[in-house]
Amino acid sequence: MCGIVGVVGNVDTKNILINGLCRLEYRGYDSAGIFLAEDNQLYKAVGPLKKLQEEVPADAAGTLGIGHTRWATHGKATLENTHPHTSQSGRFVLVHNGVIENYRQLKETLLADDIFYGQTDSEVAVHLVEYFVNQGFTVPAAFLQTLNKIEGSYAFGLIDTQTPDTLYAAKNKSPLLVGLGGDFSLIASDALAVLDQTKNFLEIKDGEMVILQKDSVEIFDLAGQPVARQPFVTQLDANDLDKGAYPYYMIKEIAEQPSVVRKIIQQYLIEENYVAPALKEVIHEADHLYFVACGTSWHASRVGAKYFEEMAHIPATALLASEAGYRMPLLSARPVFIFLSQSGETADSRQVLVRVKELGYPTITLTNVLGSTLARESDFALPLLAGPEIAVASTKAYTAQVTVLACLAQQFARQNEKFDLAHELSLVATAMDTVITEQETLNLLVADYLTEQRNAFYIGRYLDYEVSLEAALKLKEISYVQAEGFAAGELKHGTIALIEEGTPVFAVITDPVTASHTRGNMEEVKSRGARLFSLVSESLANDDDTFVLPNVHPLLTPILSIVPAQLIAYYATLQRGLDVDKPRNLAKSVTVE
Ligand code: F6R
C-alpha cells in the first residue's frame, strides 16, 4: 500500500526519493508525489511513477525532501488527493500512511475555517500542525499536539519550509524506519526502499516522534520525553531486490521456492535455530490453536491447522482476520494464537493481535519480516526465511509458511508418529525443482484454457481442497479470470449449475484416500461440458491426466502441488497480455482494515 521516503543531508535528494518510491512500487499505488524543500516545489502525478519522473526537472536538487506513493482509500486517485499535502499557508508539507479516524471531527472543529483541496484524511494532519504553530507552539511541540489529537494509524514525514535542515517524522501502527547514513538521515516505510543508501537503521515505535538532521536523530515519546534507541544493521541484501535474469519477480520467486524449503530444513530442523523452549512450552500448554491470517496466508494457515491436528493431535482452527477482528469465536480454555503474515504489517491481522493481547492469551507470529509490527508485538516471532517477496501475488511466502508450519507441528508429534521430516521435505524441494523445469510444458498445456474464459474452477478434497483455494486465488488476482477453489464433493450441491461447455476445471489429486471420489466429481463436470485439467501425483495418475507431479509424503503435497498452479496463473496472465507483477487494484502490504 502507500509508501514513504524522506531524506535530509548532503546527498542527491531527488534521486533518493524517486528511486526509493520505485522500490516501493510493488506494494501497489495509484498516484505519487515528492516535495523538494530548496526548490519549494511539489511534484505530483496520477498513474505510474514514470509520469512523476517526467514532471520533475532533471536539475531539481536539494538537501531535504519527502516522497509518497498513494493507494487510494479516502478520496479518488486525483492530484488533489496525492501526497505530499501542504498546510493552509503552504509553510508545512506532509506525507502520511495510515488512516486518521477522527479526521471529520477535526475538520469540523479546530479546522473549521480552513480550506481543503482534496478529500483525504491526511490533509487534516498538516493543517493541524500549522493550527498549533499559529497558537504559539514551536514546531516540534505543534507536531506533538497534532499527534495527541489524532486517532488512528500513521507514519508521517513532515517538512517545515522555514527550517530546510530538519525533517520530522512520527509513527503509530503504520510502519516507519529511520536510516542513518553518516552525513544524511532518512525515513522510509520499508527498509527495501533505501537499502542502496544504508544498512543502518533505527526502529521507531508506536507513539514516537523523530527529529532528523543530516548527522543527528532525536526520538521523543508523545509526552515530549527523549527516548534512547540503539541502531541495528539490517540483514537484507540489495541484490535480493533485483529480478536478475528473470522477466518478472513472480517467476523469480516461484523459482526460488526449492531453495527456500532447503533453507528452512537447515535452519529449523538441522540447526534447530528458532523454536525456543519457551515457545514449545506455550504450545504444549494449549488446548486449541487459533491461526489468524488473510488471503494467501489464511490458505497456508488452513493447511497448518490440519498439520497440527494430524501430526500433533492439537485441535486447531484457521480464522480470517477480517472477521475475527469483530467477532471472536467462543474460545477454548487455554487458547494460543498463531498469526501468519508475509509482510507482518496487515492491519486486519494486527487488529486481532491487539484484541488477543488485551485478552491476555499467548501470541506467535510467523512472518517474512522479523522487524515488522506483528513480529514485534507478538510474544514470539518465527521467520519464514523466504527473502523479500516483491511480486504482489504471494508464492514463496505461501510455500515457506506451510513448510515452517510442518516443522513446527512435527515438534509436537508423538514419538512413534514422527517421520523423517527433513528427508521428506528435501524430496519436496527436489520435486519442486522438477516441476519448475517443466514450466514450458505448463505454458503450452494451459495455452488455450484461459485466454478467453471468464470463469474457472479448482477442485480437490482435503489438502487438495486447501491447495485449490490458493490456486484459484493466484489465478484470479493476476489473470482476472473469476476462479473458485471448491471442495470437489460440494460442487454437486449447487455450484455445478455454473459448469457449461468449455468451463475450465482444474482438479488436484494427491490424496490416495479421496482420489477416486475426486475422479468421480471430474466425470460429473466433464459430462456437463467442463474442460478438465488434472494435476495428479504419479502414484495416482492415469494415462489421460494432464500434468503429473512427483510423489512426495502425503501430508506435504500442498508445498508441491501449488507450484504448477502458480505457473498456470503466471502463464495464463502472460497469455492474456497482463502484468503479472502488478495486478490492478491490489497492494502488497494491506495496511488498512
Ligand atoms: C495474495 C496475497 C494476499 C496476502 C494477504 C495477507 O497473493 O498476497 O492475499 O496473502 O493480503 O498478507 P500478509 O501475508 O502480508 O499478511
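As the structure lists them, so they are numbered: ligands from 1, and atoms in each ligand from 1.
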Review point. So, Lys357 and Glu377, do they make that salt bridge, N to O below 4.0 Å?
Key: no
Check your understanding: Would you call Lys474 a ligand 1 contact, heavy-atom distance under 4.0 Å?
Key -> yes
Check your understanding: Which of the atoms in ligand 1, numbered in the order shown and given with their element, are less than 4.0 Å from a heavy-atom of Ala393?
Key -> 7 (O)
Exercise for review: Could you tell me whether Arg302 and Glu470 make a salt bridge, using a distance below 4.0 angstrom between a side-chain N and a carboxylate O?
Suggested key: no
Exercise for review: May I ask you to identify, for Glu345, whether its side chain, its backbone, both or neither come under 4.0 Å of ligand 1 on a heavy-atom basis?
Suggested key: neither
**Study point:** Nearest option to atom 4 (C) of ligand 1, as decided by whichever heavy atom of Asn368, Val292, Thr296 sits closest
**Key:** Thr296
Study note, to complete from the structure: The atoms of ligand 1 lying under 4.0 Å from a heavy atom of Glu477, numbered in the order shown, are 1 (C), 7 (O)
Check your understanding: Are Asn97 and His83 close enough that a side-chain donor and a side-chain acceptor fall under 3.5 Å?
Key -> no
Point to revise | Min N/O separation Ser341 to ligand 1 under 3.5 Å | key: yes
Review point. Would a line drawn from the ring center of Phe156 to the ring center of His96 be shorter than 6.0 Å?
Key: yes
Review point. Any non-hydrogen atom of Ser349 lying under 4.0 Å from ligand 1?
Key: no
Study note, to complete from the structure: In ligand 1, the atoms that come under 4.0 Å of a heavy atom of Ser394 are 7 (O), 8 (O)
Exercise for review: Look at atom CD of Glu452 and say whether more than 12 heavy atoms of other residues, nucleotides or ligands are closer to it than 6.0 Å.
Suggested key: no
Review point. Does a donor on one side chain and an acceptor on the other come within less than 3.5 Å for Ser297 and Gln401?
Key: yes
